[in-house]
Asks: 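Once you've had a glance at the structure underneath, I'll fire off some questions.
Labels below follow one simple rule: chain letters A, B, ... track the order of the sequence lines, proteins then strands, and each chain is numbered from 1.
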2 protein chains.
Amino acid sequence: MSRIPTVKTADKRRLEPKERELEIVRGAVAFFAEFGFDGSTRELAARLGITQPLLYRYFPSKEALLDRVYEEVYVNRWNKEWETQLRDRAVPLEDRLVRFYRGYAKVILNYEWVRLFMFAGLKGLDFNARYLAFLRSSAFDLIAREIRLEHGMPTDGPILNEEAELIWGLHAAIFYLGVRQFIYGMPVPDDLDADLALRVRAFLRGMPAAVGDLIHQEGAGQARRAG
Amino acid sequence: MSRIPTVKTADKRRLEPKERELEIVRGAVAFFAEFGFDGSTRELAARLGITQPLLYRYFPSKEALLDRVYEEVYVNRWNKEWETQLRDRAVPLEDRLVRFYRGYAKVILNYEWVRLFMFAGLKGLDFNARYLAFLRSSAFDLIAREIRLEHGMPTDGPILNEEAELIWGLHAAIFYLGVRQFIYGMPVPDDLDADLALRVRAFLRGMPAAVGDLIHQEGAGQARRAG
DNA sequence: TAATCTGTTTATCGAATGATAAAGGAGGTC
DNA sequence: GACCTCCTTTATCATTCGATAAACAGATTA
């Protein structure tokens, strides 16, 4: 019987605890991203080439392992420099936005990030809402103000819901690339950088114009008021 | 012990088969939309106020019930008139698009549609890809051609990937309203009609301009070519 | 080489799962 | 009112789940 390595690093057993733990976490990320939280610990262990009870030597429960999986995929992924770059008015706004979304897309548009995010939402965890509240306060408001500045509008007042919603729209369109690819199994544009540049350009052409229309019709004919 | 009705129509047992079947399907739609396909038949039965084996009197297996759930939520939901309306050039294009997306949003932006759609994708069913291929061939191409006409461009050639992608973007932004609301549990604009009008307006301001830039720079400086 | 430590496996438990068989019971028919 | 039809329940099975306890085995130390 020739040896059939179940894991890339072959069949060396008795690893250092830290090494084994890392291998489990890496495997768990890939495994739960594929099957969701209902994937069984036995099948995960089989994929790792270890026995199921060994998982419980390293994690007290399945839930503890899942917590670690989320930490691995989502914690410390936000690049603080993105905010600095978005504010750098020496660079044209369009270039700033393209650069930001290229960096951001590189972080979120992958199999594990997209699928685990959706699994978390469907399970009812508050993780998604908390993450997106952070995203909105960190990036959306900032982007809205830079766009206002670009169009000679006052930047101090609170951001309108409409402004935020259209930025949501750009974000959604980009994230949906990941949904299409990693959840629906559909093809996406092969040149992501060019695609992002196109989306940012269309956004910058349309969003300020639509918001401008909104403001000018305010008080006039069909006024809209938030409930 | 006062009677505690588990279902709206109270505790009348021994229903007509057709009536019971419909009650099961309705309950299954709500149940599996909430818990996914791994929701247990016992809990579903408990919600319906019946016993679990009774489900197997009406459906040979859990999978058969799930098939019926999908039929209930997704089949015959497409309105053929939408295509006719999109083509009606007596109406301004913006109005046509707003009208279409208002009707379409009414169909898809609900708890069951959004969540079951995502559960299906995560499970690896080809349902999502097939549905969206239909959507693209039914609506996206049509919309792209109407936009071309509006801007005095030839409508006969094949739709560019870039045109389709920006329409994907509008679609994604609208669908993402459902994701935010029914999967992430976040608030969405209270006035959906106004929100859709805003998104369509921003889209129509930005998309043709971005595509136009693309075409004019074609052959010139940074030509892009699909792999 | 014997003893010890500890990473790993084997064996197993109680609960929950989809599914089946048989008994019960409500409502109509003669 | 006895009988029959068939909708519904009770009882149960084999499997799979997360989790635990005990045995095993490789490596280090004396």
Asks: Given atom CD of B/Glu19 and atom C1' of D/dC6, what is their separation to the nearest angstrom?
Replies: 16 Å
Asks: Rounded off to whole Å, could you give me the CG-to-C1' distance for the B/Leu15 and D/dC7 pair?
Replies: 9 Å
Asks: Could you state the atom-to-atom distance from CD of A/Glu16 to C1' of C/dC5 in whole Å?
Replies: 13 Å
Asks: Using whole Å, what does the distance between atom P of nucleotide C/dT6 and atom NZ of A/Lys18 come to?
Replies: 16 Å
Asks: Taking atom C1' of D/dT8 as reference, at what distance in whole Å does atom CZ of B/Arg20 sit?
Replies: 8 Å
Asks: Who pairs with A/Phe134 by side chain to side chain contact (heavy atoms under 4.5 Å, CB included), at least two apart in sequence or on another chain?
Replies: A/Trp78, A/Ser138
Asks: Angle between ring planes, B/Tyr74 versus B/Phe127, binned at 30° and 60°: parallel, tilted or perpendicular?
Replies: tilted
Asks: Find the distance between CG (B/Leu48) and CZ (B/Phe31) and round it off to the nearest 0.5 Å.
Replies: 9.0 Å
Asks: CD1 of B/Ile24 versus C1' of D/dT8: gap in Å, rounded?
Replies: 11 Å
Asks: Considering just the side-chain nitrogens and oxygens of A/Arg57, establish if one lies under 4.0 Å of OP1 or OP2 belonging to C/dT6.
Replies: no
Asks: Regarding B/Phe59, tell me which of base, sugar-phosphate or nothing describes its non-hydrogen contacts under 4.0 Å with the strands shown.
Replies: nothing
Asks: Rounded to whole Å, how long is the line connecting atom CG of B/Leu44 with atom C1' of C/dA19?
Replies: 15 Å
Asks: Separation of B/Leu65 atom CG from C/dG18 atom P, in whole Å?
Replies: 11 Å
Asks: Have a look at A/His171 and tell me which of A/Tyr131, A/Tyr176, A/Phe140 forms a ring pair (Phe, Tyr, Trp, His ring centres under 6.0 Å) with it.
Replies: A/Phe140
Asks: For each nucleotide in nucleotides 17-30 of chain D, reading 5' to 3', give B when a protein heavy atom comes within less than 4.0 Å of its base, S when such contact involves only the sugar-phosphate, and - otherwise.
Replies: BBBBB----BS---
Asks: Inspect the surroundings of CZ in B/Arg68 and state if more than 12 heavy atoms from other residues, nucleotides or ligands are less than 6.0 Å away.
Replies: yes
Asks: Which residues satisfy the side chain to side chain donor-acceptor pair (under 3.5 Å) test with B/Arg201, sequence neighbours excluded?
Replies: A/Asp213, B/Glu94
